[in-house]
Protein chains: 2
Amino acid sequence: MDENQEFISILRAEGLRYTWQRQAIWDEIKSTDEHRDADDIYLSLKQAGKTISRATVYRTIDVLVKYGFIRKLEFGEGRMRLEHKLDPAHHDHLVCENCGRIIEFVDDRIEDLQTAVCQQHGFQLTRHVHQLFARCQAYPDCEYYQSQHR
Amino acid sequence: MDENQEFISILRAEGLRYTWQRQAIWDEIKSTDEHRDADDIYLSLKQAGKTISRATVYRTIDVLVKYGFIRKLEFGEGRMRLEHKLDPAHHDHLVCENCGRIIEFVDDRIEDLQTAVCQQHGFQLTRHVHQLFARCQAYPDCEYYQSQHR
DNA sequence: TTTCTATTGTGAATGAGTCTCAATAATATA
DNA sequence: TATATTATTGAGACTCATTCACAATAGAAA
């Protein structure tokens, strides 16, 4: 099934209504692989002439999270960042503290060791947060940083 | 050198003043191994008759972080939790999503793999956040949970 | 002591996110 | 298609953790 048809039918199946606001917010979040925050989404839509209230943006984000379209991330900045799940593979994040670039990584050995640590304590792992903060090769001069801040 | 002497002399060496408020906040944070938040500290001090403004609590926490006495933690709850560094060994956190219990763990193999992941991307690791959210053995009935909420 | 200025308390401000409620619009039903 | 039902929206008030501005206070140097 077409990805957007699925979006529409999940809403319907859950007794939720299909509105242009929900479609626009989902389209906006899908449109890049960056990890943007709620206000980025709100402002991008506004700039594109689709003004939607902040309340609706936040409410729709929660709907998208609940039905598995997106994921909330928290990098200790005091606000949530978003990530769509079109490519559903699990991954963690490597964040450059200098330029802000975010790289996704997976290491199966780490995944296994996490499960083992939980088992040792008699716990059952439900989810994890694993973030590596680092300096990219270009520190202190970084072309990525330059490109994002001009 | 006595641990508190060191606290006093670091303040002095940095041109900061030694005040009873700073001493009281540091004492309060040192007093347990729990991961409390700023308001817990504020309220505990108040209850002990040492009323210090919230602003001062927050400012002092930043001083304690800056000079390596404590560490800020963020478990996605929208507020910071604190941890003193009297026992300086590095560790990560295993959090029970049911009862809230927090267990500290270290796994050297995970530590090494993290460094390797960074190297593969040409990054230099500066710090990391690794949190395992899990259910403890007692789920859904947990004596720890009972003990904390009555 | 006096002086200098870091620190404090107060209360206002901030910023992300949530809530309330009347108006609106998507969908079910006739 | 018209009408009824009720989920959703927008606006702005509100919350909560944290920060800020500024006048008053109090460490510490001279």
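Below, read A as the first sequence line, B as the second, and so on, with proteins coming before strands; counting in each chain starts at 1. Please read all numbers here as calculations on a predicted model, not as lab measurements.
- For B/D40, the salt bridge (Lys or Arg N to Asp or Glu O under 4.0 Å) test picks out no residue, with sequence neighbours left out.
- B/R17 is linked by a side-chain hydrogen bond (donor to acceptor under 3.5 Å, both in side chains) to nothing, counting only residues two or more places apart in sequence or in another chain.
- Straight-line distance from the CG atom of B/L82 to the C1' atom of D/dT18: 13 Å, rounded to whole Å.
- Under the side-chain hydrogen bond (donor to acceptor under 3.5 Å, both in side chains) criterion, A/Q23 pairs with A/N4, A/Y18, A/D27, not counting sequence neighbours.
- Partners of A/S53 according to the side-chain hydrogen bond (donor to acceptor under 3.5 Å, both in side chains) rule, which considers only residues two or more places apart in sequence or in another chain, are A/T56.
- With sequence neighbours left out, the ring-ring contact (aromatic ring centres under 6.0 Å, His included) criterion links A/F75 to A/H93.
- A/K50 places its NZ atom 14 Å from the P atom of D/dG10, with the value rounded to the nearest Å.
- DNA chain D lies under 4.0 Å from no heavy atom of any residue of residues 35-43 of chain A.
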Requested in this report: Give the intermediate values and the outcome of ring-ring contact (aromatic ring centres under 6.0 Å, His included) for residues B/H90 and B/H130.
Outcome: CA-CA 12 Å; B/H90 165 70; B/H130 197 182; 9.6 Å; no

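- Direction change of the helix axis from one end of the helix from C/dT1-D/dA30 to C/dA30-D/dT1 to the other is 20°, with five pairs defining each end axis (rounded to 10°).
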Report summary line: Expected string for nucleotides 19-28 of chain D under the B/S/- scheme (protein heavy atoms, under 4.0 Å, primed atoms plus P, OP1, OP2 as sugar-phosphate) is BBB----BBS

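- Between the CD atom of B/E74 and the C1' atom of D/dT18 there is a distance of 12 Å, given to the nearest Å.
- One N or O on the side chain of A/H84 and one on the backbone of A/L86 form a donor-acceptor pair closer than 3.5 Å.
- Not a single salt bridge (Lys or Arg N to Asp or Glu O under 4.0 Å) links B/E111 to another residue, sequence neighbours left out.
- Close approach of DNA chain C to chain A, defined as any atom under 4.0 Å from a non-hydrogen atom of the protein, starts and stops at C/dA16 to C/dT27.
- Using a 4.5 Å heavy-atom threshold, the side chains of A/F105 and A/H91 count as separate.
- A donor-acceptor pair is defined here as one N or O able to donate and one able to accept, closer than 3.5 Å; no such pair exists between the side chain of A/T60 and the backbone of A/R22.
- In this structure, A/D39 does not pair ionically with A/K46, as no charged nitrogen and carboxylate oxygen lie closer than 4.0 Å.
- Checked against salt bridge (Lys or Arg N to Asp or Glu O under 4.0 Å), A/K50 has no partners two or more places apart in sequence or in another chain.
- Scored by the salt bridge (Lys or Arg N to Asp or Glu O under 4.0 Å) test, A/K66 finds no partners at all (sequence neighbours excluded).
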